[in-house]
Amino acid sequence: MSESGAGGGAAGSADGGPGRETWLTPGVKGIGSASLLADVGHEIPTALLPSLLTSTLGAPAAALGAIEGVSDALAGAARFAGGVLADDPSRRRKVAVGGYAATAVLGAATAGATAVWQVGVLRAAAWTARGIRVPARSALLADIVPVKAYGRAYGFERMMDNLGAILGPLLALGLVAWLGVTWAIGLSVIPGLLAAAAILYAIRRTPRPVRRSRVPLRIRVRPVLRGDLGRLMGAVAAFEVGNVAATLLILRASELLAPAYGTRTATTVALALYTAYNVAAAAASVPAGRLSDRLGARGPVLVLAGGVALFGVAYGLFAGAGDAVAVLAVPFVLAGAGIGAVETAQHSAVAALAPPEVRGSAFGLLATVQSFGNLAASTVAGVLWTAFSPAAAFLYLTGWMVLALLGLLAAARRRTAV
């Protein structure tokens, strides 16, 4: 596999010659399938964790919050460590396969837990494994496609991931109705292990890395924060600090709809709107990637700016929304399309701008910024929601979208000048 150039992609094996669009290779399909299957696998225990803890084990709601908080924090730290591991092209392959397999086994193992602390340990371990694999998967995808197809490749992978987020909870509902909560969680190991098999399939159908000395394990932050990539990371950080968890969007819809429809119906409608959010994200990912590729060097930054703008509009609408379902659907769809564009553009921009020798670290830093930025956004928005009002929380988030948009437009102008 060629490591030359800023992109380092295997252009010869991926583009198939002039005028042919063969970027959707078996390797890209394998990675996309891994994302879909893995999301199905971990969404099942995630959707059923509240029931397992409160109904089966008799734990209070506080236990769920503590377990999820610790797990998310460990996943964020693991993403940074995973980036360090993924700087070595040979090592990143092993990390990807091991991370998918470990997440599947540990997540499904919570079905056999008989105490709350066991659930906490297994959940934290599963999320740590999930965090470690993320930079390796992202770097691996950059290795196997040409630079000019990064947008489409990452758009395809994000689309598959979002489809998994839709199918996972639906499968969980069916399994619970058929077999019960414990069996449903245990069976989640099957799509999880199939994801590990899919990533292995992808690896075996891509050129092996050029033999070279093993890259030493070393934290590399300064090289990632230089030049255009550093400026991009600054704008991405501003976006992520305002990118609130989707659960708060669901809560906003539920609270607005409850007076008119009742709590149960409002919750059902809010979940349906969240499904529309995921559908919009899946639908937007590949078109966003195609547009990114067509716009050239500035493409990823411009598409990222467009996605951030959609979020800004959506948050503004959430701040002043009423109880009409059709009106509420608009910000959900806008935010879904926004996240589809943003995630695709973020990954394709980092792949294009990161030097090959620190590509793993770059994706690790991106994933870490995403994780801890989302935590900060949700925490501060929650405080503002409680202390003042939901409108204050969403106006605060809108402000971060404006800052991120300004930073991205400045970065795009600089890329034009270069």
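- Between the Ser138 side chain and the Pro135 main chain, no donor and acceptor come within less than 3.5 Å of each other.
- Between the Thr110 side chain and the Leu122 main chain, no donor and acceptor come within less than 3.5 Å of each other.
- Residues Leu397 and Phe318 form no side-chain contact, since every pair of their non-hydrogen atoms from C-beta on lies 4.5 Å or further apart.
- Judged by distance alone, the side chain of Tyr277 and the main-chain N or O of Ile339 form no donor-acceptor pair under 3.5 Å.
- Of the candidates Leu334, Leu249, Leu395, Leu249 is the only one forming a side chain to side chain contact (heavy atoms under 4.5 Å, CB included) with Tyr315.
- Here the CZ atom belonging to Arg204 is positioned 13.0 Å from the CD1 atom belonging to Ile199, to the nearest 0.5 angstrom.
- Judged by distance alone, with hydrogens and angles left aside, the side-chain atoms of Ser292 form no donor-acceptor pair with the main-chain N or O of Ala288 at under 3.5 Å.
- Across Arg137, Arg92, Arg93, a single residue satisfies salt bridge (Lys or Arg N to Asp or Glu O under 4.0 Å) together with Asp143, and that is Arg92.
- Ser33 contributes a side-chain N or O that, together with a main-chain N or O of Lys29, makes up a donor-acceptor pair within less than 3.5 Å.
- Using cut-offs of 30° and 60° on the angle between ring planes, the pair Tyr396 and Trp400 is perpendicular.
- Atom OG1 in Thr128 sits 12.0 Å away from atom CZ in Arg133 (nearest 0.5 Å).
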Side chain to side chain contact (heavy atoms under 4.5 Å, CB included) evaluation trace for Val380 with Val241: CA-CA 9 Å; Val380 176; Val241 172; over 6 Å; no
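- His347 and Phe363 have parallel rings, their planes meeting at less than 30° on a 0 to 90° scale where 60° marks the start of perpendicular.
- Judged by distance alone, the side chain of Gln118 and the main-chain N or O of Thr114 form a donor-acceptor pair under 3.5 Å.
- Proximity of Phe394 to Ser389: side-chain heavy atoms (C-beta onward) are nowhere separated by under 4.5 Å.
- What you find for Ala335 and Ala314 is that their closest heavy atoms are N-CB, 3.9 Å.
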Audit row: Val325, Tyr261, side chain to side chain contact (heavy atoms under 4.5 Å, CB included) steps and yes/no: CA-CA 10 Å; Val325 175; Tyr261 296 93; 3.8 Å; yes
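- Here the shortest heavy-atom pairing between Arg91 and Leu85 reads CD-O, 3.2 Å.
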Chi angles and distances behind the side chain to side chain contact (heavy atoms under 4.5 Å, CB included) call for Thr46, Arg123: CA-CA 9 Å; Thr46 296; Arg123 180 72 168 176; 3.1 Å; yes
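- Atom CG of Leu171 is separated from atom CD1 of Ile166 by 13.5 Å, given to the nearest 0.5 angstrom.
- When all heavy atoms of Gly76 and Ser371 are compared, the pair lying nearest together is CA-OG, 3.3 Å.
- The two residues Val350 and Ala362 come nearest to each other via the heavy atoms CG1-CB, 3.7 Å.
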Asp72 vs Trp127, side chain to side chain contact (heavy atoms under 4.5 Å, CB included): CA-CA, chis, key distance, verdict: CA-CA 7 Å; Asp72 286 342; Trp127 248 226; 3.3 Å; yes
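- Interatomic distance, Asp39 CG to Asn278 CG, rounded to the nearest 0.5 Å: 9.0 Å.
- Side-chain N or O atoms of Thr275 include one that pairs as donor or acceptor with a backbone N or O of Leu271 at under 3.5 Å.
- When all heavy atoms are compared, the tightest approach of Val236 to Gln346 is CG1-NE2, 3.5 Å.
- Not a single donor-acceptor pair under 3.5 Å links the side chain of Asn243 to the backbone N or O of Asn374.
- Atom CG of Leu170 sits about 10.5 Å away from atom CD of Glu43, to the nearest 0.5 Å.
- A salt bridge links Arg158 with Asp161; the closest basic N to acidic carboxylate O contact falls under 4.0 Å.
- Separating the CG atom in Leu304 from the OG1 atom in Thr344 is a distance of 10.5 Å, to the nearest 0.5 Å.
- Residues Gly338 and Phe311 share a closest heavy-atom pair of C-CE1, 3.5 Å.
- Panel note: side chain Arg152, backbone Trp23; no donor-acceptor pair is recorded below 3.5 Å.
- Contact of the Asp293 side chain with the Lys148 side chain is not registered, since no non-hydrogen atoms from C-beta on lie closer than 4.5 Å.
- The shortest distance between side-chain heavy atoms of Val116 and Ile67 falls below 4.5 Å.
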